[in-house]
Amino acid sequence: MTNDAPCNARPGTVDLRQVEAFIHQEARLADEHDYAGWEELWADDATYWVPAARMDEPGSSMSIIADNRHRIATRIKQLQSGRRHAQNPPSRLCRVVSNIKILGNTEFGDVRAQANFVLVEARERGSHTWAGRMIYHLRPEPDSRPAHFAMSYKSVDLVDRAWAQPSIAFLI
Amino acid sequence: MTPAGPAVDYAGLIEPLRVHGSLYTDPIIFAEELEKIWYRTWVYVGHVSEVPDPGDFVRKNIGPQDLIFTRSSGGEINILLNRCSHRGNKVCVQNDGNTNTFRCPYHGWNFRNDGELLGYPHPDGYGGRGALDDADLGLARAPRIGTHEGFVFASMSEDGPTLAEHLGDSASELTRLTRLSPDGEIEVTAGFVRHSARANWKFIVENETDGYHPQFVHGAIFNITGSSIGDLYGEKSPAVTRSLGQGHSENDLRPAFVEQGEPLAWFGTSEDRLPDYSSAMRVRHGDHMAERIMIEGAPHVMVFPNLFIAEISIFVIQPITHDQTIQHVTAVQLKGAPDISHRMLQQCIGSVGPAGLLLADDAEMYERNQAGVEMLQPEWIDTRRGIARERIDDDGHPIGSANDETGIRGFWQHYRELMTRS
């Protein structure tokens, strides 16, 4: 397996396999509702964005999620309270992540990567298939992070974001 | 539209203190609601600020009806049905944009953005150019359109009460919202999230001014964020629930905010954090009135049957089937006040929609309600909360405590009136 994707900065320092390992771990923590483990992946300055019909900049128009680090923490505390009714009981989740590619670097030196996902959510109301493209900004922190990176940005561009969705109270 | 069969006895299904579960589950009743409510009474469609310039259009809905909300070259608002007069195809498949004409992709019939038929290819087949001029083949239009404070409503019926008669005392609540803007206008410019729920639309409407649920459904998030919203709906709150007539209702939180007496406390902030907004309000209204407006805050009002203003959020409720409903939600934007509007947007995004810290849990309750009323017993939904302490205010409206079902009873009274009309 070769990495033919360009990596603009720090050539040689970013290993596609490490990026893949991070994204796979992030997906697994979300699937398993390991809220604390998932929250630990985030950098202190973070943007978690799931755009709705209009996709311009995070927080500049109505979005499904446009969390800063503070609101990510609030979201996690709500899930951990046991009284996030839309996730009580939690959905059964299984996502397949693929097409992982390093796009380059942000102006802050974070690795930009993209990946596609298909996610089946099962709960009492029935099953739902989610799919979309994710963009990650990953800050190399090999010394302090077991996962090699801190996640400073994650966006999820759902294929059906122009239309109505049922609730998405799990970590997408 | 309604299937032939024995007429539904609405008077028997809607009692003063309880309503029958079949009102939420029966597809025949849903079909009759479309005819007698959604295609007859005034329904909110869109806001003038969504189509600011001539040629602007945006797709909208009344129930399952697909509408094109346009501003034509003369500046008038039009509400057109998205159905070609030739073979029924869709003439517009974009969600929004700017155009003077809509051309049907099927056979090329071309319509102006006020609905007039402009042309059809190969006119010789119709007897030549202009031969269809008197055939009434424009796009269908909503027969009546009315506007209040920029909110545009339509009635699919040629006749009936005026918009002013329909809005009644809910109109002043919409006006109260616009007064929060230093320019006296709100704008719907932030885009929408669309949230579907497998539930009957009436569960959603009833929930909007149900002050009994927040402390339970949203108790965890109120605790985590230190929000005092739960207290506003507590047993000791001076706030009231009011039935405004015509099926409209509100949670009037002003008594609680006046008791606090702090400008912008309703929005969880203070004047020093929004200096531009506060000074613009004081310039426009003068100190005394500006303070009063900023103390009293935004309305929490459900305008029958589909427009809900939840302080900083605007919900448009679209019934799809008897057990499927879409909520289209956007943030209130106050014209001339970018600082508070930005905060309203951020708070609204966090609260509403499929992943909203509040609304995902509300939707869970709607869906469990819907599943529940499919159960055979006990058949009825209880709506008696607060009846013993209900009173009539100076305007003749029933009011109850902050967490009473006064608004729900008012909804059903109006619903029953509409559904028992011929």
Side-chain angles (χ1 to χ4, degrees), chain A residues 30 35 47-68 70-91 121 123-128 130 132 156 158 160-172, chain B residues 59 94-96 188-199 213 216-227 313-314 318 320 324-331 333 342-343 345-368 370-371:
Chain A
Y35 304 127
T47 301
Y48 175 33
W49 187 34
V50 183
R54 196 191 293 170
M55 187 171 178
D56 30 33
E57 292 294 321
S60 65
S61 59
M62 288 302 292
S63 302
I64 295 167
I65 294 173
D67 287 359
N68 57 17
H70 181 73
R71 190 170 283 161
I72 290 169
T74 301
R75 190 176 294 281
I76 294 298
K77 283 185 197 133
Q78 187 185 29
L79 286 163
Q80 289 171 329
S81 74
R83 288 188 291 151
R84 176 54 157 169
H85 302 286
Q87 278 297 299
N88 185 22
S91 303
E121 177 197 14
R123 53 191 293 104
E124 189 174 311
R125 72 190 295 285
S127 293
H128 190 86
W130 303 90
V156 183
L158 294 170
D160 54 352
R161 65 181 163 79
W163 300 286
Q165 285 89 23
S167 292
I168 316 173
F170 57 87
L171 298 173
I172 192 155
Chain B
R59 299 256 295 280
Q94 302 298 324
N95 288 329
D96 53 61
V188 175
T189 49
F192 283 85
V193 292
R194 297 179 171 86
H195 189 182
S196 66
R198 191 175 300 162
H213 81 279
F216 304 103
V217 177
H218 309 305
I221 195 66
F222 293 158
N223 284 342
I224 291 162
T225 59
S227 167
S313 307
I314 298 172
Q318 181 194 5
I320 306 293
Q324 195 74 42
T325 307
I326 296 175
Q327 300 169 83
H328 306 253
V329 196
T330 189
Q333 298 286 276
H342 177 74
R343 283 193 185 211
L345 174 59
Q346 304 315 313
Q347 196 165 317
C348 178
I349 292 172
S351 304
V352 309
L357 301 175
L358 296 175
L359 266 291
D361 293 328
D362 287 310
E364 183 69 20
M365 295 302 142
Y366 306 148
E367 294 188 342
R368 292 184 199 176
Q370 187 69 30

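Just so we're on the same page: letters track the sequence lines, and every chain starts at 1. Owing to the predicted nature of the structure, the values given are computational and were not obtained by experimental measurement. What you see below is based on every heavy atom in this structure, not just the backbone, and it leaves out hydrogens, waters and symmetry mates.
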A:Met62 vs B:Ile349 side-chain heavy atoms within contact, under 4.5 Å = yes
Please examine the side chains of A:Ile64 and A:Leu158, heavy atoms only from C-beta on, and report whether any two atoms are closer than 4.5 Å.
->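 Touching, per the 4.5 Å side-chain cut-off.
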salt_bridge(B:Glu364, A:Arg123) N-O dist < 4.0 Å = yes
Could you tell me which of [options] has the largest number of non-hydrogen atom pairs under 4.5 Å with chain A?
options	answer
B:Asn223, B:Val217, B:Asp362	B:Val217
B:Gln327, B:His342, B:Gln346	B:Gln346
B:Gly356, B:Ala371, B:Ala197	B:Gly356

Heavy-atom closest pair, residues [X] and [Y]:
X	Y	value
B:Ser351	B:Gln347	OG-O, 2.8 Å
B:Val352	B:Val329	CG2-CG1, 3.6 Å
B:Ala355	A:Ile168	CB-O, 3.3 Å

Leading residue by heavy atom contact count with chain B [cutoff under 4.5 Å; candidates A:Ser63, A:Ala53, A:Ala169] =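 The residue among A:Ser63, A:Ala53, A:Ala169 with the greatest pair count is A:Ser63.
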Counting heavy-atom pairs under 4.5 Å to chain B, which of A:Lys77, A:Glu124, A:Arg161 comes out on top?
-> A:Lys77
Tell me, side chain or backbone of [X] under 4.5 Å from chain B's heavy atoms, or both, or neither?
X	result
A:Arg54	side chain
A:Ser81	side chain
A:Arg71	side chain
A:Arg84	both
A:Asn88	backbone

In sequence, state the C-alpha distance, the side-chain angles, and the governing distance for B:Thr189 and B:Gln333, and then conclude on side chain to side chain donor-acceptor pair (under 3.5 Å).
-> CA-CA 7 Å; B:Thr189 49; B:Gln333 298 286 276; 4.8 Å; no
Side chain, backbone, both or neither: which part of B:Ile326 has an atom under 4.5 Å from a heavy atom of chain A?
->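 Interface part for B:Ile326: side chain.
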Let me know if B:Thr330 has heavy atoms under 4.5 Å from chain A in its side chain, its backbone, both or neither.
-> both
Quick one: side chain to side chain donor-acceptor pair (under 3.5 Å) partners of B:Arg198, sequence neighbours excluded?
->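 Partners of B:Arg198 by the side chain to side chain donor-acceptor pair (under 3.5 Å) criterion come out as none, since no residue qualifies.
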